[in-house]
Amino acid sequence: MYLTTFESKIHSNSIEKNPFRLGSSQVDWCEPNYVVNEYIAEFWNTISNVFFFLVPPIMIYLFQPYSKRVANGIMILWIILIIIGIGSVYFHATLSLVGQLVDEISILWVLTTGYALFLPSIYLPQSFRVQRHRFVYTCILFAIVITCLSFVYPYANAFALMILGLPAIGFIIIHLKRSDNSRIKSLGLHCFGMWLMAVTIWICDRMFCSFWLAISFPYLHAIWHVLIFFSSNEAIVVCGYLTIKHQNPQANLHLHYWPNEQWSWFRLPYLKFHDDSDVNNDNLSTKSIV
């Protein structure tokens with residue numbers, strides 16, 4: 001839960017002067033501080049970021065053929081997810097303002113990058129449709145401006161990020177309805193369900209901290225980390241598929257799961273062109289469907 005304490009208000013000026021100081025952030029979640037480990041402020045909120053480090057390298061490896069074929073920069077998203085993990089670990093371990101800002105600014109950039117890569121041209125002005133790079137530059141400028149504004153009132157950053165992510169959910173739902181691929185629809189539904197559960201848990205942790213403390217289970221934010229990561233990972237895969245099929249409906253692109261198609265408890269979705277094995281990959285690297 002976010003707790004703006006009297007002490008944090010008293011030290012608001014010192015926070016600006018020393019953003020690296022332990023506890024310099026005005027944001028504090030429900031998990032009691034320095035209980036499990038004397039060196040880590042929020043132990044479970046810290047270690048729950050482990051998937052931000054383990055999964056992206058696997059996804060980058062699985063998407064190498066896709067990336068060579070499409071060349072749309074999708075790998076950047078998983079790199080930023082790793083940076084988010086670094087920022088979140090630093091933030092929850094120290095509760096410093098710098099950690100908070102690294103965490104939140106990284107989320108801003110992954111959302112903005114997602115819009116730049118995947119937002120269909122039909123939603124853009126004509127000038128951006130003809131020259132897509134103008135839209136990309138606009139997204140970069142937008143991210144830079146919001147990054148600067150995030151230093152003004154850091155306490156409100158999380159709420160702004162939630163709002164910024166809502167259009168992406170809407171776009172995914174709209175285009176999933178138009179897709180005739182039942183596997184992608186199932187993955188999209190699973191992604192949306194996890195996102196909805198994650199947001200609900202985030203709100204419950206923030207609004208009802210006293211209740212969770214009373215039942216000795218103040219760990220909802222740690223669960224949020226896990227759910228929002230896998231939801232984001234699946235959203236990248238769904239958007240990567242929908243973008244290609246929107247621009248080239250004949251593309252022979254299919255959804256697969258690693259390490260085993262039959263597993264239901266843990267598997268990572270990825271995309272593969274089924275004609276990749278029939279042609280020389282060196283030739284594919286020079287082509288781009290987007």
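A donor-acceptor contact shorter than 3.5 Å is absent between the side chain of Ser96 and the backbone of Arg21. In this structure, the side chain of Tyr270 does not engage the main chain of Met59 through any donor-acceptor pair within 3.5 Å. A donor-acceptor distance shorter than 3.5 angstrom exists from the side chain of Ser24 to the backbone of Pro19, with no hydrogens or angles considered.
Contact between Gly85 and Phe52 at its shortest, heavy atoms only, is CA-CB, 3.6 Å. Heavy atoms only, all atoms of each residue included: Arg132 and Ala116 are closest at NH2-O, 2.9 Å. Listed here is the closest heavy atom pair of Ala251 and Phe273: CB-CE2, 4.3 Å. In terms of heavy-atom proximity, Trp29 sits nearest to Glu42 at N-OE2, 3.1 Å. Closest of all the heavy-atom pairs between Arg134 and Ser127 is NH1-CB, 4.0 Å. The two atoms that bring Tyr241 and Ser179 nearest to each other are CE2-OG, 4.2 Å, heavy atoms only.
Grouping the Ile, Leu, Val, Met, Phe, Trp and Tyr side chains by contacts below 4.5 angstrom, directly or via other members, places Phe266 with Leu227. When the side chains of ILVMFWY residues are joined at heavy-atom separations under 4.5 Å, either directly or via intervening members, Leu22 and Tyr39 end up in two distinct hydrophobic clusters. Under a hydrophobic-cluster definition in which Ile, Leu, Val, Met, Phe, Trp and Tyr are linked whenever side-chain heavy atoms come within less than 4.5 Å, directly or via other members, Ile215 and Leu213 are assigned to different clusters.
The aromatic ring centroids of His133 and Tyr137 lie less than 6.0 Å from each other.
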What do the steps show when you test Val226 against Phe51 for side chain to side chain contact (heavy atoms under 4.5 Å, CB included), and what is the final call? CA-CA 7 Å; Val226 177; Phe51 293 107; 4.1 Å; yes
Residues Ile169, Phe192; criterion side chain to side chain contact (heavy atoms under 4.5 Å, CB included); working and verdict: CA-CA 8 Å; Ile169 299 298; Phe192 177 72; 3.6 Å; yes
Tell me, with the steps shown, if Ile47 and His225 meet side chain to side chain contact (heavy atoms under 4.5 Å, CB included). CA-CA 10 Å; Ile47 67 170; His225 283 159; over 6 Å; no
Does the pair Ser150 and Glu104 meet the rule for a side chain to side chain contact (heavy atoms under 4.5 Å, CB included), with working shown? CA-CA 8 Å; Ser150 67; Glu104 293 171 343; 5.9 Å; no
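In this structure, Leu255 CG and Lys272 NZ are separated by 13.0 Å, a value rounded to the nearest 0.5 Å.
Side-chain N/O atoms of Trp78 and Asn233 include a donor and acceptor closer than 3.5 Å.
Note: His254 and His256 have tilted aromatic rings, judged against thresholds of 30 and 60 degrees for the angle between ring planes. By the 30° and 60° cut-offs, the orientation of the rings of His175 relative to Tyr123 is perpendicular. Using bins of under 30°, 30° to 60° and over 60° for the plane-to-plane angle, the ring pair Phe135/Phe128 lands in the tilted bin. Using bins of under 30°, 30° to 60° and over 60° for the plane-to-plane angle, the ring pair Trp224/Trp202 lands in the tilted bin.
At least one side-chain heavy atom of Phe118 sits less than 4.5 Å from a side-chain heavy atom of Ile74. A 4.5 Å side-chain heavy-atom check between Ile228 and Trp195 finds at least one atom pair inside the cut-off. Annotation: side chain of Phe230 is in contact with side chain of Val55 (closest heavy-atom distance under 4.5 Å). Side-chain contact between Phe63 and Leu77 is absent, with no heavy-atom pair separated by less than 4.5 Å. Between Leu161 and Leu108 there is a side-chain heavy-atom pair separated by less than 4.5 Å. Between Tyr90 and Asn49 the shortest side-chain heavy-atom distance does not fall below 4.5 Å. Residues Phe91 and Leu101 are not in side-chain contact: their nearest non-hydrogen atoms beyond the backbone lie 4.5 Å or more apart. With a 4.5 Å cut-off on side-chain heavy atoms, Thr243 and Leu117 do not count as touching.
Partners of Tyr61 under the side-chain contact (heavy atoms from CB on, under 4.5 Å) rule, at least two apart in sequence or in another chain, are Gln64. For Trp212, there are no side-chain hydrogen bond (donor to acceptor under 3.5 Å, both in side chains) partners two or more places apart in sequence or in a different chain.
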